[in-house]
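These notes are about the structure you will find just below.
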Amino acid sequence: MIQLLPDHIANQIAAGEVVQRPASALKELLENAIDAGATSLTVILADAGRTLLQVVDNGCGMSSADARMAFERHATSKIRQMDDLNAITTFGFRGEALASIAAVSEVVLKTRREKDELGTQVVISASEVTAQEPVACNAGTSIAVRNLFFNVPARRKFLKSDNVELRNLVIEMQRVALCHPEVAFTMQHNGATLYNLPSSNLRQRIVALMGKDINQRLITVQVDTSVVRISGFIGKPESAKRTASEQFFFVNNRFFKSPYFQKAFTNAYQQLLPERLYPAFFIFFDLPPDKIDVNIHPAKIEVKFEEEQIIFQMLYAAVREALGKFAVVPSIDFNMEGAPAIPAMRKGAPVTLPSLHIDPSFNPFDEKGKQKSTPGAFSGSVLSGWEKLYEGLPPSKQFEDIPEEKMPEQLSVERFAPEPAPCLVKGKYILTPVKSGWMIIDRRRARQRILYERFLQNLWRNLEETQQEIFPQTVTLPPADYVLLESVLEDLAHTGYDIRPFGNNTVVVNGQPASFPPMDAAQLLEELLHALHENTADLKTQRQEKLARSLSKAAAGTAAEPLNMPEAQALVDNLFACKEPSLSPEGKPTLQIITVEEIDKRFLK
Ligand code: ADP
Ligand code: MG
């Protein structure tokens, strides 16, 4: 027997699509406020939106009849007939957001039109209207959503940590704030003001949201064609980030995601950027609304373009042109940068001789001293004349002191007793012959593994010595990042990193672990935050492990730094001194072996 679902159940099902987390509710409320013509918006949050998520606007407000209607499913003032769907200029049009939100929370709506003397208050809990009465209130609308998912425990369980949810809320706010710079925004979380954005132009808005550093990194993009108008800003290549957090596409003032158009950027910045770096962009497409379909995604963040390919070409051309104007295009081949001139190994060629590294402060009884003078970590300096001492010695003698016990049993890589010199491919891979064939080591992952085990060992034991900075650097972070960093500052103090709060979303980096090269403070924090964001999702991971993993990722740096051969050798040795040399902290392989059989097979053809 088929039955129609009662409304409250239908709403809750719809809510599953529309409201997945506090951020999706915020998106809907913000968009409604903009659709209502608001020029000033306040967002009030408590506990990352779990307990309270309120948007107050000064828009057109609603009559008391509409205030009640707004929560009905498919109730909208924005479209009336099928044709309207082809000419949408508002954010909303489906009329299901408020109904969905009210199905999974407790909502208090207060609204008044300018012309009305009294406003209306509607109280709804899990789709049920519990009160509707006249109320004295400001013109405009205030919607307070409390205890989101109180009646959907499964959803509640899927919420991530407050840091992650807050970050998502901030991202939603950014998306709306960027396409409406003329609207003033305020955002408060647990009583603290995260953002206070005055009405401004686009450039000022970008700077207010992303930090003032971005100002001199922006390049204007502007193209007008009969098909589309493309405008906005792109970032200079040198300011590219490790995350896509500064990448925004808007079409007719609506944020959308597009891996396809993103590819135009990848192409345009090719050779200007090392791998895994994302250029900033804030790109606005304007075209007639009937040339796009915004109704293909439940949360409306994907959009279908009728003339996708043409627009792709135009975007690519516009970006190239903008980059060209600012003379950043001449092709710099980043790939070459990390590749030192290591000659390919030829049969019969003499093995490069190591220079001796003498550490006068070396004390064999001092644990720390031992760590420093890693066997095999030859200093790269040129010691003229020393080489002669080795002449005539069989090659094995030169490498004798690489201890065999460093080979982990679980890994069946039999390395040669006399270590042939490794070579470096594109600065990324270290290639070294082993008995069964060739071993290829991913440099970055290997470094991560080494640092990870070291951080795990040293964390919470204050074993890392801190090198204090002579000129401590302060870094101002976006509020959400600051909140996240703050939550690990105490733990960080035990790792050799001395980073402290400095007030106003600013931290000061006073010191870094003495045992590895110091990083630029801003870059260090960016990498660390990036890793923390990725890792916070996994609630089960132990705190300690999580931080060790994030730190190792941050400190492993990008593969672009040059590496000389002794350093490559040291890296190989240190990797094999690890408990788990074959996997990165994330469980990805650090090395691959190409066996002689595989090589044989290739020559069979
Ligand atoms: P949609 O935005 O798709 O129309 P919603 O469920 O989000 O659907 O909202 C339903 C209706 O409630 C809107 O069409 C609008 O008329 C009214 N409404 C919602 N929020 C506001 C607001 N902040 N100010 C004025 N009217 C609003
Ligand atoms: Mg809406």
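One-based numbering, in listed order, for ligands and for the atoms of each. Values reported hereafter were calculated over all heavy atoms of this structure, with side chains retained and with hydrogens, waters and symmetry mates removed.
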*Can the ring centroids of Phe312 and Tyr260 be said to lie less than 6.0 angstrom from one another?*
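Between Phe312 and Tyr260, the centre distance is under 6.0 Å.
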*asked:* Between Phe248 and Phe282, is the ring centroid distance below 6.0 Å?
replied: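 Between Phe282 and Phe248, which both carry aromatic rings, the centre distance is below 6.0 Å.
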Distance to 0.1 Å, residue and atom name: give those for the protein heavy atom nearest to [atom].
| atom | result |
| --- | --- |
| atom 6 (O) of ligand 1 | Leu98 N, 2.9 Å |
| atom 8 (O) of ligand 1 | Gly95 CA, 3.1 Å |
| atom 2 (O) of ligand 1 | Lys78 NZ, 2.7 Å |
| atom 16 (O) of ligand 1 | Ser77 OG, 2.5 Å |
| atom 10 (C) of ligand 1 | Ala75 O, 3.3 Å |

Under 3.5 Å between any N/O of [X] and any N/O of ligand 1: does that happen in this structure?
| X | result |
| --- | --- |
| Ala36 | no |
| Thr76 | yes |
| Thr141 | yes |

If we count only N and O atoms by modelled type, under 3.5 Å, do the side chains of [X] and [Y] hold a donor and an acceptor together?
| X | Y | answer |
| --- | --- | --- |
| Gln247 | Gln262 | yes |
| Thr42 | Gln188 | no |
| Thr51 | Asn147 | no |
| Thr111 | Thr120 | no |

_Ion pair Glu165/Arg50, N-O distance below 4.0 Å_ =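 Salt bridge between Glu165 and Arg50, a charged N being under 4.0 Å from a carboxylate O: no.
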*Flag the pair Lys291 and Glu308 as a salt bridge only when some basic side-chain nitrogen lies within less than 4.0 angstrom of an acidic carboxylate oxygen.*
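Answer for the salt bridge query: no.
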Residue selection (non-hydrogen contact nearest [atom]) among [options]:
| atom | options | result |
| --- | --- | --- |
| atom 20 (N) of ligand 1 | Ile101, Asn32, Asp57, Leu41 | Asn32 |
| atom 12 (O) of ligand 1 | Gly140, Ala70, Ala99, Gly37 | Ala70 |
| atom 18 (N) of ligand 1 | Arg73, Met62, Met69 | Met62 |

*Hey, is there an N, O or S on Asn32 sitting under 2.8 Å from the Mg ion (ligand 2)?*
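Yes.
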*Could you tell me the separation between the CG atom of Leu529 and the NZ atom of Lys241, rounded to the nearest 0.5 Å?*
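If we round to the nearest 0.5 Å, Leu529:CG and Lys241:NZ are 9.5 Å apart.
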*Please identify which atoms of ligand 1 are closer than 4.0 Å to at least one heavy atom of Ala97.*
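Per the distance check, 6 (O), 7 (O).
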